[in-house]
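Notes for the one structure printed next.
Ligands are counted one by one from 1 in listed order, and the atoms in each one are counted from 1 as well.
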Amino acid sequence: MNVGAGAGRFLTFEGIEGVGKTTQVARVASALTARGVAHVVTREPGGTPLAEKIRELVLSPREEALPPVAELLLMFAARGVHLANYIEPNLSAGRWVICDRFTDATYAYQGAGRGMNMADIGRLESLVQGPRRPDLTLVLDVPVAVGLARSARRDLGKTRDRFERERADFFERVRDGYLGRARAEPERIAVIDATRSVDDVAAAIVQVLESRSWIS
Ligand code: TMP
């Protein structure tokens with residue numbers, strides 16, 4: 001398949017903690033490599049040296065409270081840096097950009113989770129991104145109890161970040177936020193049942209890309 005300059009596609013992966021995003025991002029990257037599709041893998045918040053510094057600011061637990069509005073602005077500050085310095089240049093060069101979380105996470109975590117106003121988030125989205133939106137978003141979905149049990153096993157002995165310290169009811173709101181967005185934008189957002197095996201989830205994702213004739 002020939003992916004020429006300007007044909008870069010922007011794919012984002014979303015979901016609550018413990019859905020297996022990182023594993024599936026790696027799997028889709030291997031599927032693209034196998035087909036000779038030029039791509040880069042990145043994440044939010046973060047993805048560039050400066051944006052990773054903002055990530056550290058927003059994720060590290062500290063004594064002084066980080067108000068939800070400041071958390072929201074830091075997410076978009078990191079995104080502005082990441083878009084300008086990494087995402088847009090790669091898309092312009094014709095590479096696919098596979099991003100572990102993007103603005104749907106802001107609607108789900110800061111909007112549905114923290115209760116920030118959705119219209120305010122929409123204004124920041126337009127301000128920071130202009131017309132840029134993901135071409136496809138894969139929401140990996142598992143019940144909250146399953147996700148939290150998986151992430152607890154994975155993170156045993158590690159310090160939990162500011163989000164991982166939240167309780168189940170926060171993640172229920174986040175999950176509902178993602179599923180609500182998927183219902184509102186079914187063309188862009190595919191919900192993948194991520195309770196299945198890693199191989200089955202990876203196959204379901206490849207099938208979504210094939211069904212759009214993006215890969216074959
Ligand atoms: P992760 O490595 O698990 O993806 O960690 C990033 C955390 O940041 C995760 O708990 C979700 C949160 N987050 C937001 O709250 N809003 C955002 O816009 C993004 C990109 C991430």
Side-chain angles (χ1 to χ4, degrees), residues 10-26 28-29 41-48 50-62 65-83 85-87 97-118 120-129 132-134 137-142 144 146-156 158-178 180-181 189 194:
F10 185 24
L11 258 63
T12 61
F13 280 74
E14 299 284 358
I16 60 167
E17 325 297 303
V19 293
K21 272 183 305 101
T22 312
T23 305
Q24 293 301 333
V25 164
V28 89
V41 171
T42 187
R43 69 171 180 182
E44 288 216 344
T48 78
L50 177 53
E52 288 288 330
K53 287 196 171 155
I54 301 173
R55 177 188 177 94
E56 151 71 19
L57 279 178
V58 79
L59 294 188
S60 314
R62 49 171 58 79
L66 183 64
V69 67
E71 181 181 279
L72 173 66
L73 292 171
L74 286 171
M75 292 299 178
F76 273 110
R79 186 160 299 136
V81 172
H82 189 207
L83 273 166
N85 296 338
Y86 195 78
I87 295 176
V97 174
I98 317 300
C99 194
D100 188 335
R101 298 194 187 281
F102 194 64
T103 307
D104 292 295
T106 312
Y107 282 100
Y109 281 77
Q110 281 65 53
R114 301 269 195 241
M116 296 299 292
N117 180 285
M118 297 292 186
D120 286 341
I121 298 176
R123 278 187 283 276
L124 289 168
E125 180 180 35
S126 300
L127 176 69
V128 171
Q129 297 169 217
R132 175 63 68 196
R133 302 288 180 276
T137 297
L138 297 148
V139 171
L140 306 190
D141 184 55
V142 299
V144 169
V146 173
L148 292 185
R150 283 190 192 166
S151 66
R153 266 199 307 280
R154 179 193 64 198
D155 297 340
L156 206 64
K158 289 196 211 149
T159 311
R160 290 190 299 166
D161 72 31
R162 288 183 52 260
F163 292 101
E164 290 159 350
R165 292 175 183 213
E166 290 293 340
R167 294 199 325 235
D169 59 329
F170 175 83
F171 293 108
E172 292 288 358
R173 293 196 296 280
V174 172
R175 181 184 184 211
D176 288 347
Y178 277 130
R181 287 185 67 69
I189 305 180

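For Val58, no heavy-atom contact with ligand 1 is shorter than 4.0 Å. Here Arg79 has side-chain heavy atoms under 4.0 Å from ligand 1, and that is the only part of it that gets that close. The side chain of Gln110, and not its backbone, has at least one atom closer than 4.0 Å to an atom of ligand 1 (non-hydrogen atoms only; side chain from C-beta on).
Set against the non-hydrogen atoms of Arg101, the atoms of ligand 1 under 4.0 Å away are 1 (P), 3 (O), 4 (O), 6 (C), 9 (C), 11 (C), 20 (C), 21 (C). Taking every non-hydrogen atom of Phe163 and a distance limit under 4.0 Å, the qualifying atoms of ligand 1 come out as 7 (C), 8 (O), 10 (O), 12 (C), 15 (O).
Annotation: Tyr109 places no N or O atom under 3.5 Å from an N or O atom of ligand 1; distance criterion only.
Within a 6.0 Å radius of CZ in Arg167, other residues, nucleotides and ligands contribute 12 heavy atoms or fewer.
Here the heavy atom of the protein found nearest to atom 5 (O) of ligand 1 is Arg55 NH2, 3.6 Å.
With hydrogens and angles left out, the side-chain atoms of Thr103 and Gln129 include a donor and acceptor closer than 3.5 Å. A donor-acceptor contact under 3.5 angstrom links the side chains of Tyr109 and Arg101, judged on distance only.
Salt bridge Asp169/Arg173: present, at least one basic N to carboxylate O contact under 4.0 Å. Between Glu44 and Arg79, at least one side-chain N (NZ, or NE/NH1/NH2) sits under 4.0 Å from a carboxylate O, which counts as a salt bridge.
Relative to atom 13 (N) of ligand 1, the option among Glu164, Met75, His82, Arg114 with the closest non-hydrogen atom is Met75. Comparing Cys99, Gly111, Ala105 by heavy-atom distance to atom 19 (C) of ligand 1, the nearest is Ala105.
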